[in-house]
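First the structure, in the form of structure tokens, and then the observations on it.
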Amino acid sequence: MMRRPTLSTLPTVLAAGFAFLYLPIVIMAAFSFNESRLVTVWAGFSTRWYGELFGNVRMLESAGLSFAVAMLAASLSTTIGTLAGYVLGRFGRFPGRAVFALLLLAPMVLPEVILGLAMLMAFSTLDSLVGWPAERGFLAIAFAHACYGTAFVAVIVEARLRGIDPALEEAARDLGAKPWRAFVRVTLPLLAPAVAAGWLLAFTLSLDDLVVASFVSGPGATTLPMLVYASVRLGLSPQINALATVMVVCIACLAWVASRIGAARSKA
Amino acid sequence: MNRAVFILPAFAWLLAAIALPFALIVAISFGEATQGAPPFDWSFSLANYRLLLSDDLYWGALANAARIAGTSTLICLLVGYPMALAIVRARPQRRALLLFLVMLPFWTSFLIRVYAWMGLLRPTGFVNAALAEFGLIDAPLQLIANEFAVHLGIVYAYLPFMVLPLYATLEKLDASLLEAAHDLGVGPLRAFWRVTFPLSLPGVAAGALLVFIPASGEFVIPDLLGGPNSPMIGRVLWFEFFQNRDWPMACALATALAALLAVPLLLFDRLRSATR
């Protein structure tokens, strides 16, 4: 094979880049096993912070709420996002397409403070009109998360659609299947890996969100990131290091599953 | 046409869940803060915008946000470009793993990644302790609660958004172009500047916008890593809402920020539909 012209320093730069991305997390995780309360002085190996973490009732309650919110938000996002991605990927030009694409894309890039404020204004107006959602708890937070999770799912689904031959759906319709039936029986199974990856992404985005949830939630609902933020503002604590380590490990596993789903698709 | 079965529900959702809330922000930004619940009324006045234009706090915060997001975007590009190039030129079997390693931090909690830097940068933190251990410093360096830390945090948090679109464009480049340049006796550096870089400009633009737009309204990073001296607009908006409980003013700030971001956002939208 011909030697391609390369810049020989590139692998070094890449290694330095990965060190930059991963070292802070590794150091943080290491100090979660520190015996000392001082987060930066090593005093021997211990798992006591993990013990305290799993005995912290408020933390567990918040984790439960965040988990439930993320499940609902991801499912809503996936349903609507798949539909929207299909519309963008298959329907070519239709009246209002530019507006459609912009509305879909905007929540993905716009700053979270704008998004959170917009969601709260909508809920607050709705509340004064019909008396719901007065509490702004579980449902309201999940709905707000679905508003931007939808965008990410739609983008993933649209990208996968480009790799699927439209002739397959056309064949189904030529054989007399109604568009909806062709979508459910032919397109959706082909899209399944993208839909699953989209669900996982919407799930982690919801689990991770601080800003939108802070704006939207009423006084009764505290998600896990909100609790973490409140305690981080008071100072570093080894318990937060332990919690962060647990979350990083869980999310790394989820991301790995999502990437395996993607890899299975590309081999098929 | 049967397509309406798909388009109408999706469009209805977007109008109700995205367009309507944004319209409400604009409408409420003309209102006035009250003591009631919700703490505003539906009046119409330009008072909030007059205050926004006359008060240095708001103007300065918008300018700071644009400046800090701009510099951070540039640093992201300088760090992310060689990384994307290195992944493209890596052996094909290894590329999937390298891409996964770039993606993974994006999946990992944003808040936790910022928190990790707090532990590193504090006066008694890991970096200062390590420098003191090696005898490089006598007194701890002030590494946190300043603009340096904010830049670092933004580059750290948004680097994957730069690398991924760059990788997507660089991957599509025809290797034979570089081989042709090589056969014509052009050195690798010159070939990079004359061939690779110009052809990767769409990726550069996409990556830059994906970093700049969200970073300009960032709240968590300036709040946890930044100092009091150069507030960014996202943080000012947050305090206007949570501390002052002035919803209409917060809405006016959000409207102003969204209006300023409309240009890069439309540019990004255009770029996205052009590269299809």
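Numbered from 1 within each chain, the chains take letters A, B, ... in sequence-line order.
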*Go through the atoms of A:S214 and report whether side chain, backbone, both or neither lie under 4.5 Å from a heavy atom of chain B.*
both
*asked:* I need the residue from A:V99, A:L103, A:V13, A:L120 with the largest number of non-hydrogen atom pairs under 4.5 Å to chain B.
replied: A:L103
_For the OG1 atom of A:T125 and the CG atom of B:L24, what is their distance to the nearest 0.5 Å?_
4.5 Å
*asked:* Run A:V228 and B:Y115 through side chain to side chain contact (heavy atoms under 4.5 Å, CB included) and show every step you take.
replied: CA-CA 10 Å; A:V228 171; B:Y115 171 77; 6.0 Å; no
*asked:* side chain to side chain contact (heavy atoms under 4.5 Å, CB included) for B:L98 and A:F18? Distances and angles first, verdict last.
replied: CA-CA 9 Å; B:L98 294 174; A:F18 282 132; 3.7 Å; yes
*Minimum heavy-atom separation for A:R93 to B:R3, with atom names?*
O-NH2, 3.4 Å
*asked:* Using the rule side-chain contact (heavy atoms from CB on, under 4.5 Å), only one of A:D208, A:V248, A:I251 pairs with B:W107; which is it?
replied: A:I251
*Answer with side chain, backbone, both or neither: which region of B:F110 has an atom nearer than 4.5 Å to a non-hydrogen atom of chain A?*
both
*Would you please test A:F183 and B:V5 for side chain to side chain contact (heavy atoms under 4.5 Å, CB included) and show each step?*
CA-CA 11 Å; A:F183 175 73; B:V5 181; over 6 Å; no
*Greatest number of heavy atom pairs closer than 4.5 Å to chain B - which of A:S124, A:G116, A:A106*: A:S124
*Looking at CG of A:L201 and CE of B:M103, how far apart are the two atoms once the value is rounded to the nearest 0.5 Å?*
7.5 Å
*Pick one of side chain, backbone, both or neither for A:L104, based on which atoms fall under 4.5 Å of a heavy atom in chain B.*
both
*From B:I25 CD1 over to A:I114 CD1, what is the distance, rounded to the nearest 0.5 angstrom?*
7.0 Å
*Heavy-atom distance under 4.5 Å to chain A: side chain of B:V102, backbone, both or neither?*
both
*asked:* Can you tell me if B:W42 has over 12 outside heavy atoms packed within less than 6.0 Å of its CH2?
replied: yes
*Among B:A84, B:A23, B:P105, B:P38, which residue forms the greatest number of heavy-atom pairs with chain A at distances under 4.5 Å?*
B:P105
_As an exercise, state the distance from CG of B:D223 to OH of A:Y229, rounded to the nearest 0.5 Å._
3.5 Å
*Could you tell me which portion of A:Y86 (side chain, backbone, both or neither) has an atom closer than 4.5 angstrom to a non-hydrogen atom of chain B?*
side chain
_Quick check on B:E133: does its CD atom have over 12 non-hydrogen neighbours (other residues, nucleotides or ligands) under 6.0 Å away?_
no
_Residue selection (most heavy-atom pairs with chain A, distance under 4.5 Å) from B:F100, B:F22, B:F106, B:F161_ = B:F100
*Does any heavy atom of chain B fall under 4.5 Å from the side chain of A:I80, the backbone, both, or neither of them?*
side chain
*Identify which part of A:I27 has an atom lying under 4.5 Å from any heavy atom of chain B, answering side chain, backbone, both or neither.*
side chain
*Relative to chain A, which segment of B:I7 carries a heavy atom at a distance below 4.5 Å: side chain, backbone, both, or neither?*
both
*If you count heavy-atom pairs under 4.5 Å with chain A, which of B:I18, B:T108, B:L14 comes out on top?*
B:L14
*Could you have a look at A:V87, A:L102, A:I25, A:V109 and say which one has the most heavy-atom pairs with chain B under 4.5 angstrom?*
A:V109
*asked:* As an exercise, state the distance from CG of B:L104 to CH2 of A:W256, rounded to the nearest 0.5 Å.
replied: 12.5 Å
*Do you know the tightest heavy-atom contact between B:A86 and A:L10?*
CB-O, 3.7 Å
*For A:P24, is it the side chain, the backbone, both or neither that has a heavy atom under 4.5 Å from a heavy atom of chain B?*
both
*Mind ranking B:W247, B:Y156, B:W238 by heavy-atom pairs under 4.5 Å with chain A and telling me who comes out on top?*
B:Y156
*Could you tell me which of A:C250, A:A29, A:A144, A:G96 has the largest number of non-hydrogen atom pairs under 4.5 Å with chain B?*
A:G96
*If you tally heavy-atom pairs under 4.5 Å against chain B, which of A:L210, A:L254, A:L110 wins?*
A:L110
*asked:* Counting heavy-atom pairs closer than 4.5 Å to chain B, which one of A:I240, A:L243, A:T204, A:V211 comes out on top?
replied: A:I240
_For chain A, which candidate among B:I213, B:L101, B:L261 shows the most heavy-atom pairs at distances under 4.5 Å?_
B:L101
*Please name the pair of heavy atoms, one in A:V113 and one in B:G217, separated by the smallest distance, quoted to 0.1 Å.*
CG2-O, 3.6 Å
*Is the A:F215 ring parallel, tilted or perpendicular to the B:F242 ring (thresholds 30°, 60°)?*
tilted
*Taking every heavy-atom pair that is under 4.5 Å apart, which of B:A19, B:P214, B:A254 has the most such pairs with chain A?*
B:P214
*Where is the tightest heavy-atom contact between A:C147 and B:A17, given as atom of each residue plus distance?*
SG-CB, 3.5 Å
*Against chain B, label A:L200 side chain, backbone, both or neither, depending on which of its atoms sit under 4.5 Å from a heavy atom there.*
both
*CA sep, side-chain torsions, deciding dist, call: B:F6, A:F94, side chain to side chain contact (heavy atoms under 4.5 Å, CB included)*: CA-CA 12 Å; B:F6 296 94; A:F94 60 88; over 6 Å; no
*Within the 6.0 Å centroid threshold, strictly below: A:F143 and B:W13*: yes
*Side chain, backbone, both or neither: which part of B:L111 has an atom under 4.5 Å from a heavy atom of chain A?*
both
*For the residue pair A:F20 and B:W117, categorise the inter-ring angle as parallel (less than 30°), tilted (30 to 60°) or perpendicular (more than 60°).*
tilted
*Do you know which two heavy atoms are closest between A:V232 and B:M118, and how far apart they sit?*
CG1-SD, 3.5 Å
*Shortest non-hydrogen contact from B:A10 to A:L83?*
N-CD2, 4.1 Å
